[in-house]
Amino acid sequence: MGGGPNLGAALAFVRASGEGADLAMLKFVQGETLTDDELDALTANQNPDGGFKVAELGSPSVVGRTAEMVIYLTALGGGDLGAVQAAADFLIEGQRPDGSWGESDALKGLNPPPHFQPGSSDADGWETAACVVALSGLGLSLDYRHPIEFLRRMRT
């Protein structure tokens with residue numbers, strides 16, 4: 001068995017082959033200051049409503065992708081970025097009355113993959129869990145009882 005991952009080779013690969021968002025993420029991970037162009041590359045898939053789109057699905061904001069981006073950027077120390085705050089607002093506004101999150105029916109016609117499928121209990125489950133992680137990771141003092149209860153009911 002080989003040793004651990006070769007960090008130097010991985011960093012060299014990203015620097016040589018990475019695109020704008022990859023390079024910006026690498027700088028962010030390393031604690032370097034991003035230029036405006038690099039921040040733009042990192043948030044290029046963010047819509048005016050604060051949600052992030054999946055390029056292959058066109059322009060609608062996708063709850064699951066938005067939660068992922070909030071988690072990624074917060075974990076890297078970017079929770080105070082305006083883009084992250086706008087994404088959090090998008091998630092908060094999209095919470096359903098039962099406490100869950102899921103995709104809009106507008107996404108159905110775009111043939112999304114199963115993990116973004118509107119109306120799928122599997123998609124609703126992981127997206128609800130991801131939204132709780134994303135929003136609580138930002139330190140927002142929201143009432144998470146309803147989404148946790150939704151997940152508990154799904155599990156049983």
Side-chain angles (χ1 to χ4, degrees), residues 14 18-156:
V14 173
E19 296 181 9
D22 304 317
L23 296 169
M25 191 73 78
L26 178 59
K27 279 184 76 172
F28 207 40
V29 167
Q30 295 181 316
E32 298 174 24
T33 303
L34 298 180
T35 65
D36 288 343
D37 288 343
E38 290 164 335
L39 184 57
D40 288 346
L42 199 56
T43 60
N45 285 329
Q46 189 168 30
N47 286 324
D49 65 3
F52 281 81
K53 61 186 172 187
V54 174
E56 299 81 16
L57 297 178
S59 63
S61 292
V62 177
V63 170
R65 179 55 46 86
T66 303
E68 290 171 341
M69 290 301 295
V70 170
I71 292 168
Y72 298 153
L73 293 171
T74 302
L76 296 172
D80 59 344
L81 291 173
V84 173
Q85 297 300 312
D89 290 343
F90 170 81
L91 294 176
I92 291 167
E93 291 169 13
Q95 186 178 19
R96 297 172 177 160
D98 68 354
S100 69
W101 280 268
E103 299 302 342
S104 162
D105 284 339
L107 205 57
K108 272 186 181 174
L110 301 174
N111 196 26
H115 56 280
F116 292 138
Q117 190 63 241
S120 162
S121 60
D122 289 340
D124 291 353
W126 89 260
E127 289 184 339
T128 297
C131 287
V132 169
V133 169
L135 296 171
S136 64
L138 283 171
L140 299 178
S141 58
L142 302 173
D143 184 356
Y144 297 106
R145 289 177 294 175
H146 294 296
I148 299 299
E149 184 56 34
F150 172 82
L151 293 169
R152 185 175 289 123
R153 283 192 312 270
M154 280 194 68
R155 195 179 97 193
T156 57

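Along the sequence shown, residues carry numbers from 1.
Of all non-hydrogen atoms in A67 and A134, the two that sit nearest each other are O-CB, 3.8 Å.
Residues that satisfy the salt bridge (Lys or Arg N to Asp or Glu O under 4.0 Å) test with E149, not counting sequence neighbours, are R152. When the side-chain hydrogen bond (donor to acceptor under 3.5 Å, both in side chains) test is applied to D143, the partners found at least two apart in sequence or on another chain are R145. The side-chain hydrogen bond (donor to acceptor under 3.5 Å, both in side chains) check on D22 picks up nothing, with sequence neighbours excluded. Applying the side chain to side chain contact (heavy atoms under 4.5 Å, CB included) test to L26 and every residue at least two apart in sequence or in another chain returns L11, V14, R15, Q30.
Here side chain to side chain donor-acceptor pair (under 3.5 Å) pairs that include residues 34-47, with residues two or more places apart or in two chains, are K27-E38, T35-E38, N47-S61. Every pair passing side chain to side chain donor-acceptor pair (under 3.5 Å) that includes a residue from residues 123-133 is listed here, sequence neighbours excluded: R96-D124. Applying the salt bridge (Lys or Arg N to Asp or Glu O under 4.0 Å) test to every pair with at least one member in residues 41-57, sequence neighbours left out, gives no pairs at all.
The distance from the CD1 atom of I92 to the CG atom of L142 is 5.0 Å, given to the nearest 0.5 Å.
The side-chain contact (heavy atoms from CB on, under 4.5 Å) test with I71 is passed by exactly one of T66, L135, L138, V133: V133.
With a 6.0 Å radius and a threshold of 12 heavy atoms from other residues, nucleotides or ligands, Y144 has its OH atom above the threshold.
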Output a table of donor-acceptor pairs, distance under 3.5 Å, between side-chain atoms of residues 115-123 and any protein atom two or more places apart or on a different chain; print 'none' if there are none.
unit_1	atom_1	unit_2	atom_2	d
Q117	NE2	P112	O	3.4
S120	OG	D122	N	3.3
S120	OG	A123	N	3.2

Side chains of residues 74-90: which donor-acceptor pairs under 3.5 Å do they make with residues two or more places apart or in other chains?
unit_1	atom_1	unit_2	atom_2	d
T74	OG1	V70	O	2.7
Q85	NE2	G79	O	2.5

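Taking 4.5 Å as the limit, some side-chain heavy atom of P113 sits within range of a side-chain heavy atom of L57.
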